[in-house]
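Below is one structure; the comments refer to it alone.
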Amino acid sequence: MLTRRPRGTADVLPDEVAKWQHLEQKIREICTEYGYQEIRTPVFEHTELFQRGLGEGTDIVEKEMYVFKDRGGRSLTLRPEGTAAAARAYLENNLYAGPQPTKLYYVEPLFRYERPQAGRLRQHTQFGIEVFGTQHPAVDAEIIGLAVDFLGRFGLDNLQVRINSLGCPGCRSGYRERLLEYFRPHLDQLCPDCLRRFEKNPLRLLDCKVEECRRWVSEAPSMLDFLCEECGVHFEHLRGYLEILNIKYEIDPGIVRGLDYYTKTVFEIKYQDLGAQDTVCGGGRYDGLMEECGGPRIPASGFGLGLERLLHTLEKEGYAFPEPVRPWVYLVTAGEKAFAGGFRLLAELRREGFPSDMDYLGRSLRSQMKQAHKARARYAVILGEEELARGTVTLRDLDRGEQREIPARELITELRKSGDS
RNA sequence: GUGGAUGUAGCUCAGCUGGUUAGAGCGCCAGGUUGUGGCCCUGGAGGUCGCGGGUUCGAGUCCCGUCAUUCACCCCA
């Protein structure tokens, strides 16, 4: 069908756009306060970037990417997540040659081929943060703090912050072995999904929701017990900094994240009553990604925050978005001559900075007044044959229901005066 | 990719066990004052009943398929 949008996409209609602009404004505000600068990267990248960056075995790479060939035969992919692209831009533009760390943020559409449901679209928008060039645990605390602060500014304080550490390639592989050893005797009692996980991504066994599996999971060895010295200290320090920031959190060994690039810190922020997809923000540290992308070994940390999910939450919570600006003047004319005069006056009002409009459908005066009301205009400026002859206009205050006739040349000054009140 | 629910005007929905020109509210347009909004009143426009097959004398109503929406799983923001 020509008039249907593709599955999992959404039109943002004018009323909604105002809400988005509000979100974006809040994002720019907080990022400026925290010392982050905006970066914009292309919506598509070379397919290899995501294959290498996210890991061949991940769900995103395996079955969720929008891959296409351009006319030159290159394989390109609609960006399925923000971090790899930001890392690529950082390396390509030698941002590491500037003062470190580099603190970036972005608001951009992401694309994943999935079955849509509540809180999940094929094209969605993320507010993302990336800090390149330091492995200091305070940075991990800073970005978690930024996310909590951001959500708090919308009155969302019923947040669940969960953190975990995935260690480094060194300690993780040891843990992985132990995990396989632990689950192997119970394979016949695990759900089919978990059998797959056992083969493909054993860490995922830890966040299975099936009752039968949870029994085993609760007794399973924890990554935290296998952290090497460096990773263990890093995690302890992270906790210390979170406490300084007064952030309430839980340690959840079940948080493993879906992408291969994570090391050490991982975290998720949930908001209750959001349905199945209740994670509003997720992220962590990825000290190995740069190297994987062919760059120097540069540590980094970041998060993604789903704006459709945030918007959905805010609507559910009855958040008071700012009222849309109302038109100041709706110009009403009677007669052909007056229309031309009104058209001229309209242009002048706009030049003077008054949001103004008039009717173009040849409506009756009465009907124009109705339009003025529907447009929620503050004033109706009426120009008819009589006013034209006298060089005046009728200025009607639509809120108060009062009107008076004034010389046309005084209209701007009159409007200015009332603008202050 | 898997499973469930749903698909009638722009929107929210009604349409009993299949039976003549498919309805309501809201919205939209016009009129009720040949120069005036909100409330109220009147009228009007607008529907291939998602699409395609089938059963039947006859289907919006039953059956099959398909597409879409939606909820959940996998996974994720």
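Nucleic acid contact for A:Gly335: none, since no nucleic acid atom lies under 4.0 Å from a heavy atom of the residue. Here A:Leu121 lies in heavy-atom contact (under 4.0 Å) with a base. Residue contacts for A:Arg363: at a heavy-atom cut-off of 4.0 Å it reaches the sugar-phosphate backbone alone, with no base atom in range. Using a 4.0 Å heavy-atom distance criterion, A:Glu108 is classed as making no nucleic acid contact. Within 4.0 Å (heavy atoms only), A:Gly128 reaches no atom of the nucleic acid at all. Within the nucleic acid shown, A:Glu308 has no heavy atom closer than 4.0 Å to any nucleic acid atom. At the heavy-atom level, A:Arg197 lies under 4.0 Å from the strands shown only through sugar-phosphate atoms.
Spacing between B:G43 and B:C62 at atom P, rounded to whole Å, works out to 35 Å. B:C28 and B:U70 have their P atoms separated by 26 Å, with the value rounded to a whole Å. For the C1' atoms, the distance from B:G10 to B:C29 is 13 Å, rounded to whole Å. The P atoms of B:C74 and B:C57 are separated by 50 Å, rounded to the nearest whole Å. Taking atom C1' on both nucleotides, B:G15 is separated from B:G60 by 8 Å, rounded to a whole Å. Taking the C1' atoms as reference points, B:C49 lies 12 Å from B:G23, given to the whole Å. Nucleotides B:C39 and B:U20 are separated by 38 Å at their P atoms, to the nearest Å. Look at the P atom in both B:A24 and B:A45: the space between them is 12 Å, to the nearest Å.
In terms of polar N and O atoms assigned as donor or acceptor, the side chain of A:Gln403 never comes within less than 3.5 Å of the base of B:G37 in a complementary pairing. Not a single donor-acceptor pair, N or O on each side, falls under 3.5 Å between the base of B:U36 and the side chain of A:Gln368. Below the 3.5 angstrom threshold, one finds a donor paired with an acceptor across the side chain of A:Arg115 and the base of B:U2.
Sequence order on RNA chain B of the closest nucleotides to A:Pro116 and A:Asp399 puts A:Asp399 first from the 5' end. Residues A:Tyr113 and A:Gly282 each lie close to RNA chain B; by heavy-atom proximity, the contact nearer the 5' end of the strand is made by A:Tyr113.
In terms of phosphate contacts, A:Ser364 brings a side-chain nitrogen or oxygen within less than 4.0 Å of OP1 or OP2 of B:G31. For B:C71, neither phosphate oxygen OP1 nor OP2 lies less than 4.0 angstrom from any side-chain nitrogen or oxygen of A:Gln117. For A:Arg366, no side-chain nitrogen or oxygen approaches OP1 or OP2 of B:G31 to under 4.0 Å. For A:Arg112 and B:C75, the shortest distance from a side-chain N or O to OP1 or OP2 is not below 4.0 Å. Checking the phosphate oxygens (OP1, OP2) of B:C29, a side-chain nitrogen or oxygen of A:Gln371 falls inside 4.0 Å. Contact annotation: A:Lys374 side-chain N/O to B:C29 OP1/OP2 distance is under 4.0 Å. Applying the 4.0 Å criterion to OP1 and OP2 of B:A30, one finds that A:Ser367 has a side-chain N or O inside that range. The phosphate of B:C75 has neither OP1 nor OP2 within less than 4.0 Å of any side-chain N or O from A:Arg120.
For the pair A:Asp357/A:Val329, no side-chain contact is recorded, criterion being any heavy-atom separation below 4.5 Å from C-beta on.
Atom OH of A:Tyr262 is separated from atom C1' of B:A77 by 10 Å (rounded to the nearest Å). For the pair A:Tyr379 OH and B:G38 P, the computed distance is 20 Å after rounding to whole Å. What separates CE of A:Met369 from P of B:G38 is a distance of 9 Å, to the nearest Å. Here B:G35 presents its C1' atom at 12 Å from CD of A:Glu405, a figure rounded to the nearest Å. The separation between A:Asp193 atom CG and B:U2 atom C1' is 10 Å, rounded to whole Å. Counting to the nearest Å, the C1' atom of B:C28 and the NZ atom of A:Lys370 are 12 Å from each other. Distance, A:Glu387 CD to B:G35 P: 12 Å, rounded to whole Å. Residue A:Asn201 contributes atom CG, which lies 14 Å from atom P of B:C74 at whole-angstrom precision.
Ring to ring, A:Tyr182 and A:His186 are close: their centroids are under 6.0 angstrom apart. Note: A:Tyr90 and A:Phe132 meet the aromatic proximity criterion, with ring centroids under 6.0 Å apart. The distance between the ring centers of A:Tyr66 and A:Tyr113 falls below 6.0 angstrom.
Between A:Asp287 and A:Tyr261, the side chains place no donor N or O within less than 3.5 Å of an acceptor N or O (distance only, hydrogens not considered). If you check the side chains of A:Glu45 and A:Thr77, you find no donor sitting under 3.5 Å from an acceptor.
A salt bridge is absent between A:Glu114 and A:Lys63; no separation between the charged side-chain nitrogens and carboxylate oxygens falls under 4.0 Å. For the pair A:Glu387 and A:Arg390, the salt-bridge criterion is not met [side-chain N within less than 4.0 Å of a carboxylate O].
The listed nucleotides are B:G31, B:G35, B:U70; the one nearest the side chain of A:Leu365 is B:G35.
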Quick one: do A:His22 and A:Tyr319 satisfy ring pair (Phe, Tyr, Trp, His ring centres under 6.0 Å)? Show the steps, please. CA-CA 12 Å; A:His22 178 65; A:Tyr319 176 78; 5.8 Å; yes
What verdict does the salt bridge (charged side-chain N to carboxylate O under 4.0 Å, His left out) test give for A:Glu292 and A:Arg52, after you've listed the backbone C-alpha separation in whole Å, the side-chain angles of each residue and the deciding distance to 0.1 Å? CA-CA 7 Å; A:Glu292 193 62 43; A:Arg52 286 291 297 282; 3.2 Å; yes
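Test A:Arg257, A:Arg112, A:Arg196, A:Lys200 against A:Asp59 for salt bridge (charged side-chain N to carboxylate O under 4.0 Å, His left out) and you get one pass: A:Lys200.
For the segment residues 10-17 of chain A, the set of residues with a heavy atom within less than 4.0 Å of an atom of RNA chain B is empty.
The two atoms that bring A:Pro116 and A:Arg122 nearest to each other are CD-NE, 4.3 Å, heavy atoms only.
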Which nucleotides of RNA chain B pair, in dot-bracket form (Watson-Crick or G-U under 3.5 Å, | meaning another strand): (((((((..((((.....[...)))).(((((.......))))).....(((((..]....))))))))))))....
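A perpendicular orientation is assigned to the rings of A:Phe303 and A:Phe267, their planes being inclined by more than 60° (bins at 30° and 60°).
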